[in-house]
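In what follows, a structure is listed as structure tokens, so that the remarks can point back to it.
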Protein chains: 2
Amino acid sequence: MSSSASPAPHKVGITEVARHAGVSPGTVSNVLNRPERVAAATRLRVERAIAELDYVRNSSGSSLRSGRSSSVGLLVLDVTNPFFTEVARGVEDEAAARGLAVVLLNSAETHERQRRNIRLLAEQRAAGAVVMPVDDDLSDLLWLRRQGTAWVALDRGDVGGETGCSVSVDNLVGGLIAGRHLIGLGHERVTFLSGPFSIEQVRLRHEGLRRSFAEAGLDPDAAVRVLERPQLNPEQGERAVDEVLAGGPRQRPGAVLCANDQLALGLVKGLGRRGLRVPDDISVMGYDNVDFADLIHPGLTTVAQPKYELGRAAMRLLNAELDDPGHAHERLLFSPELVVRGSTAAHRPA
Amino acid sequence: MSSSASPAPHKVGITEVARHAGVSPGTVSNVLNRPERVAAATRLRVERAIAELDYVRNSSGSSLRSGRSSSVGLLVLDVTNPFFTEVARGVEDEAAARGLAVVLLNSAETHERQRRNIRLLAEQRAAGAVVMPVDDDLSDLLWLRRQGTAWVALDRGDVGGETGCSVSVDNLVGGLIAGRHLIGLGHERVTFLSGPFSIEQVRLRHEGLRRSFAEAGLDPDAAVRVLERPQLNPEQGERAVDEVLAGGPRQRPGAVLCANDQLALGLVKGLGRRGLRVPDDISVMGYDNVDFADLIHPGLTTVAQPKYELGRAAMRLLNAELDDPGHAHERLLFSPELVVRGSTAAHRPA
DNA sequence: CGCTTTCATTGACACGTTTCAAACGAGCTG
DNA sequence: CAGCTCGTTTGAAACGTGTCAATGAAAGCG
């Protein structure tokens, strides 16, 4: 970006640069895209011309000609969720390394917006996308792939395999280690505060939780009660408090595992309003290990996912696919980790 | 998006649609962009052809021809900060209403990334941008405007005026009402836990705080101590705890006003680690009223900004500028609001 | 009926870039 | 010196769209 005020706001393109440097447009293009193929002397001349004219490439031209743009989409369930913003950082860093721009698109957890965003990616002829599908209906995404836009699924193991690459954290194991932690503390009756079961991650975490009880010789059907909420945000968590406590002190669960941290934070707040103390009266666990999990009091016991790494890996897989469209699709599976803080404690019989 | 599997992945453009519908390409273009100018009968025919061929517009072509793309940039200081994600929602909603796509670009609080992102906007010939400048050095942004890309400044009042539109919340008043609240509680010695003073908002909040003391007949220089941290995140807040408490119990401030909620959350956590109780031992105030401010215990007293509305207003101003490039620049100023929760309490003399 | 006005449609061109076969020149080899 | 090769550069031809002056058709008017 030259600091000299350009007196003539005249459109300057590759051809004008060529003229100014005394070469052909083709050469300028080469300097821009494959510098190694042009002689050092001419390259220098062209580079000077570029600087002097304050030329800035028009990516519409490139994309039109080459059929693909040089930006990738990051289709995210909900920008508001800190989990995704961490992932976004990972994707960005890896994309930048390859010179790709990231456009962040927000589905806001609705199918219609996801559809609009997919449409957008197709129209832009995006190089590719990292996608967090809003639910199990993948038809729009498959359409996108037929249009020639590759994507890798994020946190959706089942989507990988035949259709493409995927990166995810083992949600079954996550539910399992969460359950083991609670069982280890003596809890034999817990509630799973869930999001919509149409979301795969939610289903798997629940299944893992059940399995931990089975593995301990307890009957999952008796031990874990499920409360399904329509969304995964703090407000829903707070509103769930009545149902969680329904049935009076005797029926009250000793511990609640929430489908994600957002729900857990809301629940903790709601419990506080009711005058219940965490973890003395009731233990609460989250899932994700969002930054804020460490900031509330007591700290939220939760299951950590390698968020940043998840984003990096996804973008790396996408890069691989762009380099070699015929490559073998990969399914990367990360392992979750238990993070114990203050919100869970040993069960105290009433 | 037709569900029929297209057997021929043949590139279908506006011309092929035209042929299929028995009209000229120009007419198809009109159907797409100015439907009112084409007779109902032909329009229907064209629309059917579009559906049958599963045509998807190539935005590279449009942008190339028209010189501008149909997406706007949202240049944000830090995607990780919940404040911005709220703003993003507002911008998105308003942009969608006008058929513009929003690409979210993250400066990660560094000048270099901001520069790269600005470059990107120029190369994409973005229709416009909503920008949160990383600091007072606006040269890159002015360059962008010279390139023909309009932008409106977000939360940067001083940037508006001659150079363009701006939308912000009155940070001076924000600091003022925060200070009045603390003074009302009897605090006469407070600490301002600040971010970099290169950020305008920070300076103004500080100035407002000082003014509140002056207005109460107290000497600002004696009453408010400043602690400057290099970034506005929770980690910095937590790390600041030593300095806040420096000098022992007698010197300890009765209250701390933080430059934003992130800092405050970190500080509260740090104080907890030190065994200090909020607000009994020390009062803490944040700024922004991020969602999480309500989720910690005690709830964080803070200054609320109309985040979503801020985003909407900014995008609306941008729309106005795009409609009429010669329009008079506007400076919109929102008012902050005090939100009292549990983290502040009356001063107790030691 | 001849004239103008209005409305719909046409068709060619331009936008800025990449690509690729072809041309060029210099250096080598026999 | 003719013949080759290799490294560099050229020039023209797309890519898919929007624009606009021109054309055609239909309608309104005196």
Side-chain angles (χ1 to χ4, degrees), chain A residues 9-47 49-50 53-71 99 120 122-127 147-148, chain B residues 9-47 49-50 53-71 99 120 122-127 147-148:
Chain A
H10 184 59
K11 317 273 186 183
V12 32
I14 216 183
T15 48
E16 183 152 340
V17 171
R19 198 178 315 144
H20 195 266
V23 295
S24 88
T27 302
V28 176
S29 174
N30 280 334
V31 169
L32 259 35
N33 302 314
R34 289 109 88 191
E36 72 281 1
R37 291 202 192 169
V38 37
T42 34
R43 187 188 337 159
L44 235 70
R45 210 148 23 104
V46 170
E47 277 164 354
I50 287 179
L53 296 178
D54 200 8
Y55 162 77
V56 1
R57 160 214 210 100
N58 185 333
S59 47
S60 310
S62 331
S63 319
L64 177 56
R65 171 63 224 224
S66 59
R68 289 277 126 199
S69 94
S70 64
S71 48
L120 195 71
E123 292 185 352
Q124 315 240 74
R125 304 292 192 270
Q147 295 296 316
Chain B
H10 184 60
K11 317 273 187 183
V12 32
I14 215 181
T15 49
E16 184 153 339
V17 171
R19 197 177 316 143
H20 194 265
V23 296
S24 87
T27 301
V28 177
S29 173
N30 280 335
V31 169
L32 259 36
N33 303 313
R34 289 109 89 191
E36 71 280 2
R37 290 200 193 170
V38 35
T42 35
R43 186 190 336 159
L44 234 68
R45 211 148 22 104
V46 171
E47 277 165 353
I50 287 180
L53 297 178
D54 201 7
Y55 162 77
V56 359
R57 163 211 205 100
N58 186 332
S59 48
S60 310
S62 330
S63 320
L64 176 56
R65 170 63 224 222
S66 60
R68 288 279 127 199
S69 93
S70 64
S71 49
L120 195 70
E123 293 186 351
Q124 314 240 73
R125 305 292 193 269
Q147 295 296 318

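Residue numbering restarts at 1 for every chain, and letters A, B, ... go by the order of the sequence lines.
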OP1 or OP2 of dT9(C) versus the side-chain N and O atoms of Thr42(B): is any pair under 4.0 Å? yes
Bounded by its outermost nucleotides with an atom under 4.0 Å from a heavy atom of chain A, the footprint on DNA chain D reads dT8(D) to dG16(D)
From CD of Glu16(A) across to C1' of dC15(C) the rounded distance in Å is 15 Å
Expected string for nucleotides 19-24 of chain C under the B/S/- scheme (protein heavy atoms, under 4.0 Å, primed atoms plus P, OP1, OP2 as sugar-phosphate) is B-----
Ala49(A) and His20(A) have their tightest heavy-atom pair at CB-ND1, 3.7 Å
In whole angstroms, the gap separating C1' of dC7(C) from CD of Glu36(B) amounts to 13 Å
Taken in chain and number order and not counting sequence neighbours, the residues that satisfy side chain to side chain donor-acceptor pair (under 3.5 Å) with Ser63(B) are none
Taking five pairs at each terminus, the helix from dC1(C)-dG30(D) to dG30(C)-dC1(D) shows an axis bend, to 10°, of 40°
Pairs of donor and acceptor atoms involving the side chains of residues 28-44 of chain B, under 3.5 Å and at least two apart or interchain, shall be tabulated with distances.
{"residue": "Ser29(B)", "atom": "OG", "partner": "Asn33(B)", "partner atom": "ND2", "Å": "3.4"}
{"residue": "Asn33(B)", "atom": "OD1", "partner": "Arg57(B)", "partner atom": "NH2", "Å": "3.3"}
{"residue": "Asn33(B)", "atom": "ND2", "partner": "Ser29(B)", "partner atom": "O", "Å": "3.2"}
{"residue": "Thr42(B)", "atom": "OG1", "partner": "Ala39(B)", "partner atom": "O", "Å": "2.9"}

When rounded to whole Å, the CG to P distance for the pair Leu64(B) and dA14(C) reads 13 Å
Check your understanding: With respect to the phosphate group of dT17(C), does any side-chain polar atom (N or O) of Ser62(A) fall under 4.0 Å of OP1 or OP2?
Key -> no
Contacts of Ser62(B) meeting side chain to side chain donor-acceptor pair (under 3.5 Å) (sequence neighbours excluded), chain-then-number -> none
Closest non-hydrogen contact found for Ala127(B) with Ser69(B) is CB-O, 3.4 Å
Original post:
Has Thr15(A) got a side-chain N or O lying under 4.0 Å from the OP1 or OP2 atom of dG16(C)?
Top reply: no
